[in-house]
Novice: 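After the structure tokens below, expect a handful of questions from me.
Values in this document were obtained by computation on a predicted structure and should not be read as measured data.
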Amino acid sequence: MLNISPIAKRRLYQFRQNRRGYWSLWIFLVLFMISLCAELIANDKPILLKYAGSYYSPVFFAYSETDFGGEFETEADYRDEFVQELINKDGWMIWPPIRYSYKTINYNLTSPAPSSPDTENLLGTDDQGRDVLARLIYGFRLSILFGLSLTFFGSAIGVAVGAMSGYFGGWFDLLSQRFMEIWSGMPVLYLLIIMASVIEPGFWTLLCLLLLFSWMTLVDVVRAEFLRTRNLDYIRAAKALGVSTFVIMVKHALPNAMVATLSLMPFVLTGAITILTSLDFLGFGLPPGSPSLGELLQQGKNNLQAPWLGMTAFLSLAVMLSLLTFVGEAVRDAFDPRKIFVKQASEEESL
């Protein structure tokens with residue numbers, strides 16, 4: 001059993017009282033868990049196959065065509081009818097529900113790409129003949145993982161800088177604030193465009209570039225909390241007892257600052273996902289061919305005759321960002337001491 005403090009129980013109870021935020025969290029987690037299994041849901045390779053009495057898992061391992069009686073040493077193309085006949089002669093295959101990966105091109109379209117939704121491609125194809133549903137699943141996962149990474153690393157740097165600025169004050173606080181004023185005045189979009197043209201864009205390179213500017217979001221909030229708590233009696237008592245500065249900052253002052261930080265975290269995640277989508281839409285984000293919601297939006301703009309592209313991208317982004325916003329509102333209410341006080345007062349009056 002977890003040892004949860006009474007105030008944590010009250011916050012958890014208050015979070016669950018916000019039904020919209022509570023169910024939004026569960027819906028978001030279910031969608032995220034489904035996207036984490038994207039290779040098992042949408043793939044152009046079988047999940048499991050049996051050939052000549054041996055079992056193979058092409059989703060996780062690469063096998064050459066010669067392993068199944070073919071002629072080429074390259075990796076087998078399981079969508080090729082010749083390879084399928086070789087395997088089915090002495091075995092069987094279990095395919096994912098969607099037989100397309102995010103980069104698989106459907107060469108058997110009955111109409112020019114982008115083709116409309118049908119039984120083969122439930123959400124149609126894009127202008128290159130790739131399955132939209134498969135790209136949506138992979139793009140959803142990529143957006144969430146990128147947003148979580150940017151939020152985690154950016155918040156860690158922002159909390160550290162804000163904590164040191166508020167606790168030490170003096171010249172360190174003055175210099176850090178002046179640096180932030182100058183750094184926040186930089187034209188972020190133009191700098192990202194210039195850097196993206198010099199450095200080959202990728203997941204980690206783009207993450208590092210955005211991290212240069214996204215860490216300032218939580219600095220002011222954490223700095224204000226440390227400025228308020230550094231002169232409190234229990235902090236002075238800890239200093240008098242000889243407790244190290246690091247322990248005082250982490251163990252005594254940081255928990256107070258984390259209340260506001262955790263309340264803002266879902267909104268920071270929403271902003272991180274929006275930034276990636278915007279850069280991909282402008283063509284300065286992830287490399288071409290990556291499963292991106294922003295790239296799907298761009299295709300919807302460029303192919304107005306295929307409304308399913310724009311509608312799919314818009315609805316997926318709207319649902320994702322709405323769920324995160326509702327969760328953020330519920331977390332904010334849970335950490336709001338006034339709501340907890342009002343709840344306790346009403347319970348006492350009922351008694």
Side-chain angles (χ1 to χ4, degrees), residues 24 26-49 57-60 77-81 84 93-148 203 273-274 276-278 280-281 283 285-324:
S24 295
W26 280 108
I27 294 173
F28 174 78
L29 290 177
V30 169
L31 294 177
F32 183 48
M33 294 302 297
I34 292 175
S35 67
L36 289 179
C37 304
E39 284 79 8
L40 301 178
I41 299 175
N43 210 319
D44 55 0
K45 302 176 183 178
I47 300 176
L48 181 68
L49 67 85
S57 182
V59 170
F60 303 104
D77 181 9
Y78 300 96
R79 294 180 56 85
D80 188 358
E81 295 182 358
Q84 293 182 9
M93 293 183 291
I94 299 178
W95 285 87
I98 303 172
R99 296 192 179 188
Y100 297 93
S101 181
Y102 68 91
K103 57 183 178 181
T104 306
I105 299 176
N106 188 357
Y107 294 102
N108 299 320
L109 294 176
T110 57
S111 60
S115 62
S116 60
D118 53 23
T119 56
E120 182 71 16
N121 304 106
L122 298 180
L123 294 180
T125 61
D126 60 7
D127 55 6
Q128 298 183 32
R130 298 171 299 190
D131 186 74
V132 174
L133 181 56
R135 292 186 63 81
L136 177 62
I137 297 174
Y138 282 89
F140 184 90
R141 180 179 66 178
L142 184 62
S143 299
I144 296 299
L145 291 178
F146 186 90
L148 289 175
F203 184 91
I273 296 174
T274 305
L276 176 64
T277 305
S278 302
D280 289 335
F281 177 78
L286 295 172
S290 301
S292 168
L293 299 180
E295 191 260 350
L296 190 59
L297 274 176
Q298 186 186 47
Q299 290 207 21
K301 179 183 74 70
N302 296 333
N303 299 276
L304 297 179
Q305 77 281 4
W308 57 87
L309 295 176
M311 291 179 61
T312 300
F314 171 76
L315 291 177
S316 59
L317 282 172
V319 170
M320 182 197 313
L321 298 180
S322 298
L323 292 176
L324 291 175

Novice: Between Gln299 (side chain only) and Asp127 (backbone N and O only), is there a donor and an acceptor less than 3.5 Å apart?
Specialist: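 Yes, Gln299 side chain to Asp127 backbone: donor-acceptor pair under 3.5 Å.
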
Novice: Where the side chain of Ser290 meets the backbone of Ser292, is there a donor-acceptor pair that is under 3.5 Å apart?
Specialist: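 Flag not set: sc Ser290 to bb Ser292 has no pair under 3.5 Å.
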
Novice: Quick check against the 3.5 Å criterion: does Asn303 have a side-chain atom that pairs as donor or acceptor with the backbone of Ala306?
Specialist: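 Such a contact is absent between Asn303 side chain and Ala306 backbone.
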
Novice: Can you spot which of Thr274, Leu293, Leu296 makes a side chain to side chain contact (heavy atoms under 4.5 Å, CB included) with Leu317?
Specialist: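 The side chain to side chain contact (heavy atoms under 4.5 Å, CB included) with Leu317 is passed solely by Leu293 among Thr274, Leu293, Leu296.
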
Novice: For a quick check under 3.5 Å, do Asn106 and Asn121 share a side-chain donor-acceptor pair by atom type?
Specialist: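 Yes, Asn121 and Asn106 have a side-chain donor paired with an acceptor closer than 3.5 Å.
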
Novice: Relative to each other, are the rings of Phe146 and Phe203 parallel, tilted or perpendicular (30° and 60° limits)?
Specialist: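 Plane angle over 60°, so perpendicular.
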
Novice: Do the side chain of Ser57 and the main chain of Ile47 share a donor and acceptor less than 3.5 angstrom apart?
Specialist: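 At least one qualifying donor-acceptor pair exists.
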
Novice: Just wondering, more than 12 heavy atoms not from Gln305 lying within 6.0 Å of its CD?
Specialist: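 For Gln305, atom CD is crowded (more than 12 foreign heavy atoms under 6.0 Å).
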
Novice: Looking at Arg135 and Thr125, would you say the former's side chain and the latter's main chain have a donor-acceptor pair under 3.5 Å?
Specialist: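 Between the backbone of Thr125 and the side chain of Arg135 there is no qualifying donor-acceptor contact (under 3.5 Å).
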
Novice: Please tell me if the side chains of Leu49 and Pro58 come closer than 4.5 Å, counting only heavy atoms from C-beta onward.
Specialist: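 Leu49 reaches Pro58 side chain to side chain.
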
Novice: Within the 4.5 Å heavy-atom criterion, are Phe281 and Leu276 side-chain neighbours or not?
Specialist: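 Result no, sub-4.5 Å side-chain heavy-atom pair not found.
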
Novice: Could you check whether Arg130 pairs with Glu295 (Lys NZ or Arg NE/NH1/NH2 to Asp/Glu carboxylate O, under 4.0 Å)?
Specialist: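 Salt bridge present between Arg130 and Glu295.
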
Novice: Are the side chain of Ser316 and the backbone of Ala313 linked by a donor-acceptor contact shorter than 3.5 Å?
Specialist: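 Yes, Ser316 side chain to Ala313 backbone: donor-acceptor pair under 3.5 Å.
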
